[in-house]
Amino acid sequence: MMVVLEGKNIEVAKGTLVSDLVHGEHVLAAYMNGHLVDLNAEIPDGAELRFVDFSHKEGKKVYWHSASHVMAMAVKSLFPEAKLAIGPSIDQGFYYDFDTEKPFSQDDLVLIEKKMGEIVQKKMPFQRVVMRKDEAIKLFSQKNESYKVELLQEIEDEHVTLYQNDDFIDLCRGPHVPHTGVIHAFKLLSVAGAYWHGDVEQPMLSRIYGIAFTQKADLNVYLEKLEDARQRDHRKLGSELELFTIFEEAGAGLVYWHPKGAFIKRSIEEYWIEEHIAAGYQLVSTPHIARGHLWHRSGHYDYYRDNMFVVPVDKEEYILKPMNCPGHILIFKSKVRSYKDLPLKFAELGQVYRHELSGTLHGLLRVRGITIDDGHIFCQPQQIEDEIVKVLELTMRMLRKYGFENFKIDLSVRDEHKKDKYLGTDEEWAQAEQGLISALQRTGLEYEKQEGEAVFYGPKIDIKLLDALGREWQATTIQFDFNLPKRFKIEYMDQGGKLKEVVAIHRAIYGSLERFIGCLIEHYKGSFPLWLAPIQIMVLPITDKQAVYAGTVLQECLNMGLRAELNNKSERIGQKIREAEVQKIPYILIVGKKEVENSTVAVRKHGKGDIGAMPLKDFLNVIKEEQGGDN
RNA sequence: GCCUGGAUAGCUCAGUCGGUAGAGCACGUCCUUGGUAAGGACGAGGUCGUGGGUUCAAUUCCCACUCCAGGCUCCA
């Protein structure tokens, strides 16, 4: 019979298995007529086949999923009483959830890993078993695997597949790698609690996360990357570089910026203000607190009450603002606006407060006191597209300033089948969604359309930026709002003298400044570019005899508007260099006897080391070009 | 909010099977004046997260709370 393998016609005997066509171990599974199958699947006549290896996304999934089975085998042999829940592959590796009397500890992982090693050695085949559902239920009931039984009961098919290695059997759709020996390099990474079905009401299970690779070297690279990420942790760098502290005494999720961190924050804000004024925004400033009445009218009180800080004042409730929009709307509504005034764009670096659940707080990435770089665009329907294009262009220019080059853009639209879930008319949605699409097309940005991901009050564009390690960070969001214009009756007078409802667009480019700075810290690994570095230059005299010259070097730097400091402690130069390097200061100017005689400075650049001596003027010229940052 | 594990000097951590504690780094003083990532000596520094309980005695055992970590959930 004929089959098509990787696009080529070949002749094979009837009853040939996929594995018969495979040479070597790198092939993990195969696509047969579009379906992913095991290698020991039989090939039907005329089948179209494509091999899948670890370099394919699907291959990784199969591999990691098989690794999770190996882990489950190890767990069941060490802890026979542990009940199996689920064990899928994830973006980076796999996990398996178990119900155990006592949750696993870090020490257990070592034991489990060891056992996994033994299982891998045995090269146990993954055998696919097809069974009637009721038989499978019986089987797992006997084994006291209640979670598997529950899963089976949710399956509607009459037959189910199971995979068996020796006496270990697990409900599984598959496919799997041929045998356990294929799993070469693996590591169990962490243990965590997780609810069954992710449901708070359900039992808490013990989850083990792991990762696996076909080569030991790849695993090492991955582990190094994890270690690099740990080294970049903004919480660690934040305290080492004295950028910020979150004080237990002062409250969770509330950030105290130390001078250096505050400098960075202010630099980012100043740059933002400059760009926004140039882009036609008008800065406004609104209070941190407002009467409850305002939040009832905006609808926040009903939808968002649990996340708001409520303060009793006299006989009513005041609320710490969780968002800036109502404030900006009040300013818009303070007088009758003409179509000639539109688009009207208000911007504010507004401090908002949100009562996020304690467990979700995380360094700067999730806080309760948030600085939002908020902007609201009030415009006419026909202005939508142009305005979105302007926002996108502004966003790209600003994010690129920080060295972000790769983005993931999501366009979230409503679910056409559940229109009743959303506010706003068909016409409004069509206009808004089309405006976003046209704007994205005009700017040439690639995006992914996410059906049904829009919020109930309007469609949106979210931009995630990819940092130096390729990790995603949610930053920019551009959202239509069909809710607030109606609730607040925000209108403008058109050419015909009639009042019409405005189109309102929320947008934030950094998103949250706290999160953005956290991201920057990790992106730069604490080594800020010159324009953001709190201290740009450290002047170090080699001995006390150069103190006077070092003082003049410092002064010249300061006169140029540079942020420079002088360390004239009577320490060895190696020690003082170390202190400055640990602080990741971009430039160190070392002055000794030679430099005094020649009126030069010996320049040491962070990350590069000694770049030689040069006249101070030359150095100042070099640095002047670097000073403004990119663009 | 939920689960597990934590909280000891400014930081990183050790320790006390119940009798109020120790290291390294950082900090201060002195010696040293040294040419590209840690010179030496001495010194100061802690109500052992907070509040209660048991006990002659609690940093240690028990309870509650707060905060932190890793997850889960949440993020109109």
Side-chain angles (χ1 to χ4, degrees), chain A residues 95 97 99-100 102-108 189-209 230 233 235-236 239-240 242 245-254 295 298-308 322-323 325 354-363 365-366 368 370 421-423 454-458 474 477 479 481 483-484 511-512 515 540-547 568-585 588-595 602-606 608-613:
Chain A
Y95 68 79
D97 286 344
D99 190 355
T100 56
K102 197 169 135 293
F104 296 116
S105 70
Q106 205 68 32
D107 300 335
D108 295 329
L189 298 170
S190 59
V191 281
Y195 302 109
W196 172 236
H197 282 326
D199 182 347
V200 187
E201 303 295 321
Q202 301 280 352
M204 176 66 68
L205 308 171
S206 187
R207 174 174 297 179
I208 303 178
Y209 284 93
R230 257 192 290 277
D233 191 313
R235 293 164 299 179
K236 177 176 137 75
S239 79
E240 282 173 7
E242 296 178 37
T245 308
I246 296 167
F247 295 101
E248 176 184 343
E249 192 181 6
L254 301 168
W295 306 102
S298 70
H300 289 106
Y301 198 95
D302 295 330
Y303 286 106
Y304 208 62
R305 190 181 190 291
D306 291 343
N307 285 304
M308 302 197 298
M323 290 179 190
C325 352
R354 296 179 183 175
H355 186 191
E356 304 288 358
L357 293 179
S358 62
T360 65
L361 300 174
H362 182 91
L365 303 185
R366 196 158 193 94
R368 284 179 172 164
I370 311 162
K421 256 178 62 187
Y422 303 91
L423 283 176
V455 260
F456 76 90
Y457 52 76
Q474 167 75 50
T477 180
Q479 309 190 346
D481 192 328
N483 179 39
L484 293 178
S512 139
R515 170 179 295 183
L540 303 180
I542 288 182
T543 75
D544 296 350
K545 297 192 189 77
Q546 289 88 39
N568 53 14
K569 280 193 282 189
S570 299
E571 276 295 347
R572 278 173 202 278
I573 193 66
Q575 171 74 34
K576 289 197 281 193
I577 287 171
R578 180 181 154 78
E579 282 173 22
E581 289 287 1
V582 166
Q583 285 185 69
K584 302 178 191 288
I585 294 169
I588 299 171
L589 299 184
I590 294 159
V591 295
K593 204 170 153 197
K594 280 184 274 177
E595 286 72 26
V603 182
R604 191 186 157 97
K605 185 170 179 166
H606 182 69
K608 283 222 169 82
D610 190 357
I611 59 171

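The shown structure was predicted, so the numbers you read here are calculated from the model rather than taken from an experiment. Chain A is the first sequence line, chain B the second, and so forth, proteins listed ahead of strands; every chain is numbered from 1.
A heavy-atom distance below 4.5 Å is found between the side chains of A:Glu356 and A:Leu361. Between A:Gln546 and A:Glu595, every side-chain heavy-atom pair lies at or beyond the 4.5 Å cut-off. Residues A:Lys236 and A:Arg230 have side chains not in contact (no heavy-atom distance under 4.5 Å, counting atoms from C-beta outward). Looking at heavy atoms from C-beta onward, A:Leu589 lies in side-chain contact with A:Val603 at the 4.5 angstrom threshold.
One atom, CZ of A:Phe247, and another, C1' of B:G10, lie 11 Å apart when rounded to the nearest Å. One atom, CH2 of A:Trp196, and another, C1' of B:C2, lie 18 Å apart when rounded to the nearest Å. Per the geometry, CD belonging to A:Glu240 stands 9 Å off P belonging to B:U12, to the nearest Å. Here the P atom of nucleotide B:G70 and the CG atom of A:Leu361 are 12 Å apart, to the nearest Å. In this structure, A:Glu581 places its CD atom 8 Å from P of B:A37, rounding to the nearest Å. When the P atom of B:C13 is taken as reference, atom NZ of A:Lys236 falls 10 Å away, rounded to whole Å. Summarising the geometry, the separation between CD1 on A:Ile208 and P on B:U4 is reported as 16 Å, rounded to the nearest angstrom. Nucleotide B:A37 holds its C1' atom 12 Å from the CG atom of A:Leu540, rounded to whole Å.
Contact between A:Gly251 and A:Ile246 at its shortest, heavy atoms only, is O-CG2, 3.9 Å. The two atoms that bring A:Arg354 and A:Ile370 nearest to each other are CD-CD1, 3.8 Å, heavy atoms only.
The ring pair (Phe, Tyr, Trp, His ring centres under 6.0 Å) check on A:His606 picks up nothing, with sequence neighbours excluded. In terms of the side chain to side chain contact (heavy atoms under 4.5 Å, CB included) criterion, residue partners of A:Arg305 (sequence neighbours excluded) are, by chain and number, A:Tyr301, A:Val310, A:Glu317. Residues meeting the ring pair (Phe, Tyr, Trp, His ring centres under 6.0 Å) test with A:His355, sequence neighbours left out: A:Phe309. Scored by the ring pair (Phe, Tyr, Trp, His ring centres under 6.0 Å) test, A:Tyr95 finds A:Tyr209 as partners (sequence neighbours excluded). A:Lys421 pairs by the salt bridge (charged side-chain N to carboxylate O under 4.0 Å, His left out) definition with nothing, not counting sequence neighbours. A:Asn568 is linked by a side chain to side chain donor-acceptor pair (under 3.5 Å) to nothing, counting only residues two or more places apart in sequence or in another chain. Residues satisfying the side chain to side chain donor-acceptor pair (under 3.5 Å) test with A:Asp233, not counting sequence neighbours, are A:Arg235. A search for salt bridge (charged side-chain N to carboxylate O under 4.0 Å, His left out) contacts involving A:Arg207 returns A:Asp97, not counting sequence neighbours.
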Atom pairs under 3.5 Å: protein N/O with N/O of nucleotides 31-34 of chain B:
| unit_1 | atom_1 | unit_2 | atom_2 | d |
| --- | --- | --- | --- | --- |
| B:U33 | O2' | A:Lys545 | NZ | 2.9 |
| B:U33 | O2 | A:Asp544 | N | 3.0 |
| B:U33 | N3 | A:Asp544 | OD2 | 2.8 |
| B:U33 | O4 | A:Asp544 | OD2 | 2.7 |
| B:U33 | O4 | A:Ser570 | OG | 3.3 |
| B:G34 | O2' | A:Arg572 | NH1 | 3.0 |
| B:G34 | N7 | A:Ile542 | O | 2.6 |
| B:G34 | O6 | A:Ile542 | O | 3.3 |

Show each protein N/O and nucleotides 74-76 of chain B N/O combination with a separation under 3.5 Å, one pair to a line.
| unit_1 | atom_1 | unit_2 | atom_2 | d |
| --- | --- | --- | --- | --- |
| B:C75 | O2 | A:Arg366 | NH1 | 3.1 |
| B:C75 | O2 | A:Arg366 | NH2 | 3.1 |
| B:A76 | N6 | A:His300 | NE2 | 2.6 |

Please produce a list of atom pairs where a protein N or O lies less than 3.5 Å from an N or O of nucleotides 63-67 of chain B.
| unit_1 | atom_1 | unit_2 | atom_2 | d |
| --- | --- | --- | --- | --- |
| B:U66 | O2 | A:Glu248 | OE2 | 3.4 |

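Nearest nucleotide to the side chain of A:Arg207, out of B:C72, B:G70, B:A37: B:C72.
Within 4.0 Å of A:Ala580, counting heavy atoms only, lies no atom of the nucleic acid at all. Within the nucleic acid shown, A:Gln474 has no heavy atom closer than 4.0 Å to any nucleic acid atom. Note on A:Tyr209: only backbone sugar-phosphate atoms sit closer than 4.0 angstrom, heavy atoms only; bases stay farther off.
Nucleotides B:G15 and B:C48, compared at atom C1', are 11 Å apart to the nearest Å. On the P atoms, B:A44 is 46 Å away from B:C3, given to the nearest whole Å. When the C1' atom is compared between B:U60 and B:A14, the two are found 15 Å apart, to the nearest whole Å. Taking the C1' atom of each, B:G19 and B:G6 are spaced 26 Å apart, rounded to whole Å. Spacing of P atoms, B:U20 relative to B:C25, comes out at 28 Å, to the nearest Å. Taking the P atoms as reference points, B:U8 lies 9 Å from B:C13, given to the whole Å. Comparing the P positions of B:G51 and B:C67 gives an interatomic distance of 16 Å, to the nearest angstrom. If you take atom C1' in B:A64 and the same atom in B:G70, they sit 24 Å apart, rounded to whole Å.
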Secondary-structure string, 5' to 3', Watson-Crick or G-U under 3.5 Å, | for another-strand partners, for RNA chain B: (((((((..((((.....[..)))).(((((.......))))).....(((((..]....))))))))))))....
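Counting heavy atoms of neighbouring residues, nucleotides and ligands inside a 6.0 Å radius, atom OH of A:Tyr303 does not exceed 12 of them.
Phosphate proximity of B:A37 to A:Gln575: absent, as no side-chain N or O sits under 4.0 Å from OP1 or OP2. Distances shorter than 4.0 Å separate none of the side-chain N or O atoms of A:His362 from OP1 or OP2 on B:C68. An OP1 or OP2 oxygen of B:G70 is reached within less than 4.0 angstrom by a side-chain nitrogen or oxygen of A:Arg235.
Mapping A:Glu579 and A:Gly592 onto RNA chain B via the closest heavy atom, the residue that lands nearer the 5' end is A:Glu579.
Between the side chains of A:Glu579 and A:Gln583, no donor-acceptor pair of N or O atoms lies under 3.5 Å.
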